[in-house]
J.: 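This structure is in C-alpha cells; I'll ask about it shortly.
Residue numbers count from 1 along this sequence. What you are looking at is a predicted structure, and each value in this text was computed from that prediction instead of being measured. Remember, it's 1-based here, ligands and their atoms both numbered in the order they're listed.
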Amino acid sequence: MRILADFHTHTRYSHGCGSIEDNVKAAIKKGLKAIGISEHGPANIGIGPTLDDFKKMKKEIEDLRGKYTNIKILFGCEANVISVDGKLDLPEKLLNELDYVMVGLHPMVWCRSLKDFCHIFFENFAAKRIIKLKSKVIEQNTRALINVLKNYRVHIITHPGLHVPIDTAALADAAASCGTAMEINAGHGYMTQGYVRIAKSYGVKFVIGSDAHSPEKVGEMERGIEIAIKGGLTEEDIINANANWEEILWRKTRDL
Ligand SMILES: [Zn+2]
Ligand SMILES: [Zn+2]
C-alpha cells in the first residue's frame, strides 16, 4: 500500500519544529503527490496559532505553490471542538477558504463556555479515574463530534478516540452519511485496528495521516498502514492511497 498525500502536518506556527517550506521539501523527498499544512485552531491552550497566523500561512502557501510545482500544497487545519453543541474554533469564513477541514477533539482547549470546558476538559480528565463517568463522557464526546458534522462541512476527523473516548460505531455511522473520513493517525497509532474494523462496517472512508510535528516525520505512514491492513482495509477504503484522492476527499454525500 502506498500513501500519496499527507494531510496532517504541523509547523512552528503551533508546536511543530519546522517551517511550512521544510514540510514541503520533506514531502517532495518522500515522493508524495500532495502535502497538507494542517495547523491547530486557536483554542489549543498555549500552542494555538492566532487568526492572523492563518493569514500568514495562507500567503506563505501561495508563494510556495509558485516555487514547488511538482507537488500539491494544500492549506488545511486541525480545528478544535469548543462546545458540546458542535462549535469549532475557526470562523466559517476562514474554513471556507481552506482546501480541506480536519477536526480533532482535544481536551486542552479554551472552550466557548465554562460549562463546555467542564464537559470537554474536566469530565474527560475525571473519567480516567471515576469509572461511572466513562459512559457519560463517551456519549458527550461523540455527540459533540456529530454536532460538528451537522454544523460544518468536515473532510476528516483526526485520531478518533485518542485523548478522549468516543463511540466509534455512532461516529462512523454519522461520518459515512456525510462523506467525512476518519483518520488513522500513524504518529499516535490511533484509531486501533479494532476500532478500524468497527468503523469500516459502516462504510466510512479513511485517511492515514502522519501528524508530523517535525519535517522528518512528514509522510511517515508505516504504523498507520500496518493498522489499516490489520484492520481489514484495502486501498479502496483509504482516500490517500487512491490515485483519485482529490475527487473522493472533496465529495460530499449528504447533510445529517
Ligand atoms: Zn490532534
Ligand atoms: Zn495534529
J.: From the options Tyr100, Phe7, Phe206, select the one residue that forms a ring pair (Phe, Tyr, Trp, His ring centres under 6.0 Å) with Trp245.
T.: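 Of Tyr100, Phe7, Phe206, ring pair (Phe, Tyr, Trp, His ring centres under 6.0 Å) with Trp245 is met by Phe7 alone.
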J.: Before accepting this row, confirm whether a basic side-chain N of the pair Lys93/Glu97 lies closer than 4.0 Å to the acidic partner's carboxylate O.
T.: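 Answer for the salt bridge query: yes.
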J.: With His159, which of His188, His8, His106, Glu183 fulfils side-chain hydrogen bond (donor to acceptor under 3.5 Å, both in side chains)?
T.: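 Among His188, His8, His106, Glu183, the one meeting side-chain hydrogen bond (donor to acceptor under 3.5 Å, both in side chains) with His159 is His106.
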J.: Decide, counting backbone as well as side-chain atoms, whether His106 has an N, O or S atom less than 2.8 Å from the Zn ion (ligand 1).
T.: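 So His106 does bind the Zn ion (ligand 1) by this criterion.
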J.: Given NE2 of His8 on one side and NE2 of His10 on the other, what angle do they make at the Zn ion (ligand 2), to 10°?
T.: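 Once rounded, the angle between the two atoms at the Zn ion (ligand 2) is 100°.
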J.: Which atom, among the N/O/S set of Asp211, is closest to the Zn ion (ligand 2)?
T.: OD1
J.: Is the distance between the ring centroids of Phe121 and Trp110 under 6.0 Å?
T.: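 Not under 6.0 Å, so no.
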J.: Can you tell whether the side chains of Lys217 and Asp22 come within less than 4.0 Å, N to carboxylate O?
T.: no
J.: Return yes when at least one N/O/S atom of His159 is nearer than 2.8 Å to the Zn ion (ligand 1), and no when none is.
T.: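 Checking the Zn ion (ligand 1) against His159, an N, O or S atom does fall under 2.8 Å.
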J.: Write the atom name of the N, O or S atom in Glu78 that is nearest the Zn ion (ligand 1).
T.: OE2
